[in-house]
Number of protein chains: 2
Amino acid sequence: MNIYDIAEKAEVSIATVSRILNHKGNVSPKTREKVLKVMDEMGYTPNAFARALGLDSIKMIGVMCSDVSDIYYAKAVSIIENELREKGYDALLCCTGTNISDKKKAIDVLLSKRVDAIILIGSVFQESTDNSHIKKAAKSIPVIIINGEFKFENTYSIMCDEQKAMRDCVLALSEKGHKDILYIYDSDSFSGKRKIKGYIEGMEQIGTDNPETYISKCNKDISCAGTLINDIIKSEIKFSAIITSVDTLAIGAIKALTKHGIKVPEDVSVVGFNNSILADFSSPTITSIDNKVDILSTDAVRTLLDVFENKSVAKAKTIQAEIIYRESFAK
Amino acid sequence: MNIYDIAEKAEVSIATVSRILNHKGNVSPKTREKVLKVMDEMGYTPNAFARALGLDSIKMIGVMCSDVSDIYYAKAVSIIENELREKGYDALLCCTGTNISDKKKAIDVLLSKRVDAIILIGSVFQESTDNSHIKKAAKSIPVIIINGEFKFENTYSIMCDEQKAMRDCVLALSEKGHKDILYIYDSDSFSGKRKIKGYIEGMEQIGTDNPETYISKCNKDISCAGTLINDIIKSEIKFSAIITSVDTLAIGAIKALTKHGIKVPEDVSVVGFNNSILADFSSPTITSIDNKVDILSTDAVRTLLDVFENKSVAKAKTIQAEIIYRESFAK
DNA sequence: AATATTAATGTAAGCGTTTACCTAAAAACT
DNA sequence: AGTTTTTAGGTAAACGCTTACATTAATATT
């Protein structure tokens, strides 16, 4: 069923039907009523493709992340989707995994579906081996990058200053007398690297000689954090605080510590990252660095709309993180 | 840039370009090479709308749920998105909240975007006041409903037998000597109702007189479960086990119990629902009823593809849940 | 009442594909 | 070499909409 069917039934021209559909031009109330009634009766839904062909905009934004089942991305996607919907846009979701060729494919899909823009969540950085797909996309549509960095024409990045947050966190722990602060992390992504940098800066600032020796790597799995802690305890390395790159690792660490009879926060303080809902689920609850996904996500959509409206928009924006104090490291 | 530009540059007709794009018809290797090279050089991406106009399929599936930031939906969406992508389909995400008018709007958006089908996750049931939007959708495209129930032409539902799972869980607790089994739930959704039913059946089966008195309602927030437990403890109601309708509530309950010096599982056993990652994060880890989102989600996509291929497909399918034993209720 | 202005509606071209149908060239038969 | 079959490639219509331009009807102005 199409606009012609409606036009015929309502005894008007297709132009009139189109005008009614688009709230444009002059249509008499009577005609409008009549046509709307016919549309309703026939259960007509306009074809967005055909529309997009004429208008060159489908009101659809590609949203890419590696994995929505990750609680962090899920939150970002959820906020973005809601903000977009409110402004009349849909979200075409692409979970690409971490494989670069899959990301390239995803970009091609989004481009072929003629999305009006792309929002990338995480895992983009300038020095990355291959960013040609982002360049390709940016040639035809704006690309907004959340917590990633990539400077190119038609590209806008919004990030959280995780480096400073990490440094501040080390300093805050130091103020409470902590010197031997371990760092357990899970990823060498763009933000992963910035976190480490900040941690090292902080440690150096409080006079630690070889901060690198306090760092251990781990995968996201909580059991991994557990075995890591077990090893560290066995090796009799001294420590009074632990920072982790994600809340899940903090949970794993706390569980392991508790099993060894080490009390959190009395014996060891723990700070997580992301300030996810998990922070409240743990006992003790986890003090966590909030990297403001909500603000980043909201801002991404706002930026996008500004770009659409040709307002002047900053190519890169940075937002400050905040330490949210809970039980695992009291203020 | 369009097919004409490519055709011109490559000195062939648009038909040839189209044939190459669609791997259809006969094109000589030489010509193919030449055209592909031009496409690559110009960074051409075919316009999926125009294509859809001709083909009447955009290879896009609408995926609806109330909220992707919910860990349960996030997992389902993630699996669905991956399965779809593997088969060459994209997922157009619609997070509708719980408001019926927003759901109707979302359906209209999906229909106007001419998705090839819709997968609904949760919150649909036959007796619901208004399901006209689902009927409307099903009139033009197949609608797959995960963990919801709605019988109509072109509608397929895949659910988990949560009722039986709940009953079995009560019986399992009873076998271990539990009689006073509380049930804390968060939602009167379709699956919420089935869970309660199963709980009551189980309680009756083990000879409880007024099972309803053991039931309390709560929102999803863990603090709510906590205050609820506090109240129950104050009121000196006897209980030795708690079942919750979601893992988060189990976490809240365990935290509250622990604060009161009540040990889990020594004094009170706790069983959660969904078998989410949270179950492992808690200490003690939570025994949880796995309602098999992964299987449901995978199956939804498989069903969809079968429908597309005109294979005969069951209108309704039910999958069995499973109790995953962890520390909070040992086997 | 005649004219100018504005409102309402219609016609037709264009958006970028696919594909049925057609023609020309090449290959495979006699 | 002449005919048939196959392969390669082209032309033009169709998909469902938007919109510039054209036309007619209604209203306002003189």
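Note that these values count all heavy atoms, side chains included, but never hydrogens, waters or copies made by symmetry. Convention: sequence-line order gives letters A, B, ...; per-chain numbering from 1.
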Quick one: is B:Thr31 getting a side-chain N or O under 4.0 Å of the D:dA8 phosphate, OP1 or OP2?
-> no
Using the side-chain contact (heavy atoms from CB on, under 4.5 Å) rule, take B:Leu120 and B:Val63 through it: C-alpha gap first, then chi angles, then the decisive distance, then the call.
-> CA-CA 6 Å; B:Leu120 279 169; B:Val63 177; over 6 Å; no
Send over the distance from A:Leu53 CG to D:dA14 P, rounded to a whole Å.
-> 17 Å
Side-chain atoms of B:Leu21 come closest, of D:dA8, D:dT18, C:dT18, to C:dT18
Any idea which of C:dT17, D:dT11, D:dT18 is nearest the A:Ile14 side chain?
-> D:dT18
Among the nucleotides D:dG9, D:dG10, C:dT11, whichever has the atom closest to the side chain of A:Ala15 is C:dT11
So, is B:Asn22 close to the C:dT18 phosphate, meaning a side-chain N or O under 4.0 Å from OP1 or OP2?
-> yes
Along DNA chain C (nearest heavy atom to each residue), the more 5'-positioned of B:Arg19 and B:Pro46 = B:Pro46
Classify the nucleic acid contact of A:Asn2 as base, sugar-phosphate or nothing, counting any heavy atom under 4.0 Å across all strands shown.
-> sugar-phosphate
Quick one: B:Glu33 CD to D:dA8 P, roughly how many Å, whole number?
-> 14 Å
CG of B:Asn26 versus P of C:dA25: gap in Å, rounded?
-> 17 Å
Determine, for B:Glu81 against B:Arg85, whether the closest basic-nitrogen to carboxylate-oxygen distance falls under 4.0 angstrom.
-> yes
Is a salt bridge present between A:Asp90 and B:Lys113, judged by a nitrogen-to-oxygen distance below 4.0 Å?
-> yes
Rounded interatomic separation in angstrom, taking CD1 from B:Ile58 and P from C:dG16 = 15 Å
Side-chain N or O of B:Thr16 closer than 4.0 Å to phosphate OP1/OP2 of D:dG10 = yes
Between A:Phe308 and A:Tyr89, is the ring centre distance below 6.0 Å?
-> yes
Distance in angstrom units between B:Ile20 CD1 and D:dA8 P, rounded | 11 Å
B:Tyr4 near the nucleic acid: base, sugar-phosphate alone, or nothing, with a heavy-atom cut-off under 4.0 Å?
-> base
Touch check for B:Ser18, heavy atoms < 4.0 angstrom, all strands: base, sugar-phosphate only, or nothing?
-> base
Could you give the CD1-to-P distance, from B:Ile3 to C:dC15, as a whole number of Å?
-> 14 Å
Whole angstrom is fine here: how far is it from NZ in B:Lys24 over to C1' in C:dT18?
-> 8 Å
In whole Å, what is the span from the NZ atom of A:Lys113 to the P atom of C:dG16?
-> 19 Å
Along DNA chain D (nearest heavy atom to each residue), the more 5'-positioned of B:Pro29 and B:Ala50 | B:Pro29
Validate the cation-pi geometry between B:Arg51 and B:Phe49: distance from NZ or CZ to the six-membered ring centre under 6.0 Å, angle to the ring axis within 45°.
-> no
